[in-house]
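In what follows, residues are counted from 1 in the order of the sequence shown.
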Amino acid sequence: MAQSVQILGTGQLLELSRRLKMAGGSRLKANFARRIRHAAEPMKNDLQQTIRALPITSQGRKAGKRGGPSPTTRPLRATIATAVRISVRTGGNPGARVWVDKDMLPRDLRNMAATINTGRIRHPVFGNRRRWAQQNATPLWWDKTVRRHQPRMQREVARIVDDIKNDLS
């Protein structure tokens with residue numbers, strides 16, 4: 001799974017960053033960062049919505065088997081959705097990055113976004129390492145969502161770069 005997404009037109013963005021620095025344009029730089037973040041916001045929102053609505057299925061309990069409520073009240077998909085972040089860089093390697101902040105997740109869920117993206121989640125039943133369960137999710141949910149937004153993001157970033165180049169000229 002791509003843990004992060006980077007929209008970079010490195011040549012144009014680096015040149016623009018240099019020109020912003022030379023112009024001393026902290027206002028222009030802030031405007032650039034704000035517009036890039038605004039362009040990445042729909043992708044972030046769609047990733048959050050996709051993980052929240054992602055169906056995770058299992059075979060369920062067999063007839064006559066014991067079971068009970070989950071020992072945790074933590075909502076898995078909502079927890080992952082809140083950890084999706086955007087970061088914008090305007091310095092030496094300018095661009096936008098949409099990523100899952102593992103520090104925002106509980107310790108036992110740090111790799112869960114990548115695991116769900118594979119489409120197969122294996123875990124011990126109620127922590128019993130002698131008994132395992134498998135659950136299935138739509139594979140490549142992250143990758144498909146990002147691919148769907150990439151053309152729009154590239155157009156937006158190109159438009160922003162052109163607008164700021166015109167402001168500098």
Side-chain angles (χ1 to χ4, degrees), residues 1-11 13 33-160:
M1 171 181 142
Q3 287 293 335
S4 65
V5 179
Q6 297 181 19
I7 303 295
L8 304 171
T10 52
L13 288 174
R34 181 182 50 79
R35 289 179 68 187
I36 294 284
R37 176 176 296 280
H38 186 72
E41 201 68 40
M43 182 189 302
K44 175 192 160 207
N45 294 340
D46 197 16
L47 284 164
Q48 289 176 326
Q49 184 179 356
T50 301
I51 188 64
R52 281 189 179 107
L54 190 70
I56 298 177
T57 59
S58 67
Q59 293 177 343
R61 294 190 185 99
K62 309 277 190 287
K65 297 286 182 179
R66 294 184 303 211
S70 172
T72 177
T73 58
R74 202 175 45 211
L76 172 67
R77 291 168 286 203
T79 303
I80 294 171
T82 58
V84 176
R85 296 272 181 258
I86 299 174
S87 62
V88 177
R89 295 172 313 282
T90 57
N93 188 14
R97 183 175 162 221
V98 179
W99 52 291
V100 175
D101 186 358
K102 291 183 178 185
D103 292 334
M104 296 286 299
L105 295 172
R107 201 165 207 55
D108 59 334
L109 297 180
R110 297 263 162 98
N111 292 322
M112 189 53 73
T115 302
I116 292 174
N117 196 50
T118 66
R120 180 174 176 241
I121 308 161
R122 276 184 43 87
H123 60 90
V125 177
F126 297 114
N128 179 357
R129 296 211 162 263
R130 287 182 281 156
R131 190 172 176 133
W132 288 75
Q134 177 177 319
Q135 292 179 286
N136 302 308
T138 306
L140 304 176
W141 66 273
W142 178 275
D143 302 343
K144 289 176 184 175
T145 306
V146 167
R147 253 185 258 121
R148 197 168 55 240
H149 283 272
Q150 243 173 348
R152 183 193 57 78
M153 281 289 298
Q154 288 169 339
R155 283 192 310 272
E156 285 284 320
V157 169
R159 188 174 57 80
I160 292 166

Peer 1: Applying the side chain to side chain contact (heavy atoms under 4.5 Å, CB included) criterion to Trp142, which one of Ile116, Thr50, Val100, Ile51 satisfies it?
Peer 2: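 Among Ile116, Thr50, Val100, Ile51, the one meeting side chain to side chain contact (heavy atoms under 4.5 Å, CB included) with Trp142 is Val100.
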Peer 1: What residues form a side chain to side chain contact (heavy atoms under 4.5 Å, CB included) with Arg122, not counting sequence neighbours?
Peer 2: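 With neighbours one apart ignored, the set is Arg120, Trp132, Gln134.
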Peer 1: Please test His38 against Ile160 for side-chain contact (heavy atoms from CB on, under 4.5 Å), starting from the C-alpha separation and ending with a verdict.
Peer 2: CA-CA 11 Å; His38 186 72; Ile160 292 166; over 6 Å; no
Peer 1: List in chain and number order the residues that pass side chain to side chain contact (heavy atoms under 4.5 Å, CB included) with Leu140, two or more places apart in sequence or in another chain; answer none if no residue qualifies.
Peer 2: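 Result, side chain to side chain contact (heavy atoms under 4.5 Å, CB included) vs Leu140: Asn117, Asp143, Lys144.
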Peer 1: Provide the closest heavy-atom pair for Ala113 versus Trp141 in the form atom of the first, atom of the second, distance.
Peer 2: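 Looking at all heavy atoms of both residues, the shortest contact is O-NE1, 3.8 Å.
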Peer 1: For side-chain contact (heavy atoms from CB on, under 4.5 Å), just list the numbers for Arg77 and Ile56, CA-CA rounded to whole Å, side-chain angles, deciding distance to a tenth of an Å, and then say yes or no.
Peer 2: CA-CA 9 Å; Arg77 291 168 286 203; Ile56 298 177; 4.0 Å; yes
Peer 1: Working note: Met104 + Thr79, criterion side-chain contact (heavy atoms from CB on, under 4.5 Å); need CA distance, chi angles, decisive distance, verdict.
Peer 2: CA-CA 9 Å; Met104 296 286 299; Thr79 303; over 6 Å; no
Peer 1: Shortest non-hydrogen contact from Met112 to Ile80?
Peer 2: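 In this case the closest contact between Met112 and Ile80 is CG-CD1, 3.8 Å.
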Peer 1: Looking at CD1 of Ile121 and OG1 of Thr115, how far apart are the two atoms once the value is rounded to the nearest 0.5 Å?
Peer 2: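 Nearest 0.5 Å value for the CD1-OG1 distance: 7.5 Å.
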Peer 1: Less than 4.5 Å apart, side chain to side chain, heavy atoms only: is that true for Arg52 and Thr82?
Peer 2: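 Result yes, sub-4.5 Å side-chain heavy-atom pair found.
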Peer 1: I want to check something: taking the side chain as every heavy atom from C-beta on, are Arg34 and Arg37 in contact at a cut-off of under 4.5 Å?
Peer 2: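 No; the side chains remain at least 4.5 Å from each other.
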Peer 1: Can you tell me how far apart CD1 (Ile86) and CG (Asp101) are? Round to the nearest 0.5 Å.
Peer 2: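 It is 12.5 Å, given to the nearest 0.5 Å.
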Peer 1: Any chance CD of Gln49 has more than 12 other-residue heavy atoms, nucleotides or ligands included, within less than 6.0 Å?
Peer 2: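 Incorrect, the count does not exceed 12.
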Peer 1: Hey, could you give me the NZ/CZ distance between Lys102 and Arg85, rounded to the nearest 0.5 Å?
Peer 2: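 Separation between the atoms: 15.0 Å.
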Peer 1: Restricting to non-hydrogen atoms, name the atom on Leu105 and the atom on Arg110 that form the minimum distance, rounded to 0.1 Å.
Peer 2: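 Closest pair (atom of Leu105, atom of Arg110, distance): O-NE, 3.2 Å.
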Peer 1: Taking all heavy atoms of Met43 and all of Val146, pick out the closest pair and write down the distance.
Peer 2: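 For Met43 versus Val146, the nearest heavy atoms are SD-CG2, 4.2 Å.
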Peer 1: Are Arg130 and Val125 close enough that some pair of their side-chain heavy atoms sits under 4.5 Å apart?
Peer 2: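 No. Closest side-chain heavy atoms not under 4.5 Å.
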Peer 1: For Ala39 versus Glu156, what's the shortest heavy-atom pair and its separation?
Peer 2: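 Looks like CB-CB, 3.8 Å.
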Peer 1: Compare every heavy atom of Gln135 with every heavy atom of Ser58, then report the nearest pair and how far apart it is.
Peer 2: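 For Ser58 and Gln135, the tightest heavy-atom pair comes out as CB-CG, 3.7 Å.
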Peer 1: In chain order, what residues pass the salt bridge (Lys or Arg N to Asp or Glu O under 4.0 Å) check against Asp108, with sequence neighbours excluded?
Peer 2: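 Scan of Asp108 (salt bridge (Lys or Arg N to Asp or Glu O under 4.0 Å), adjacent residues dropped) gives Arg74.
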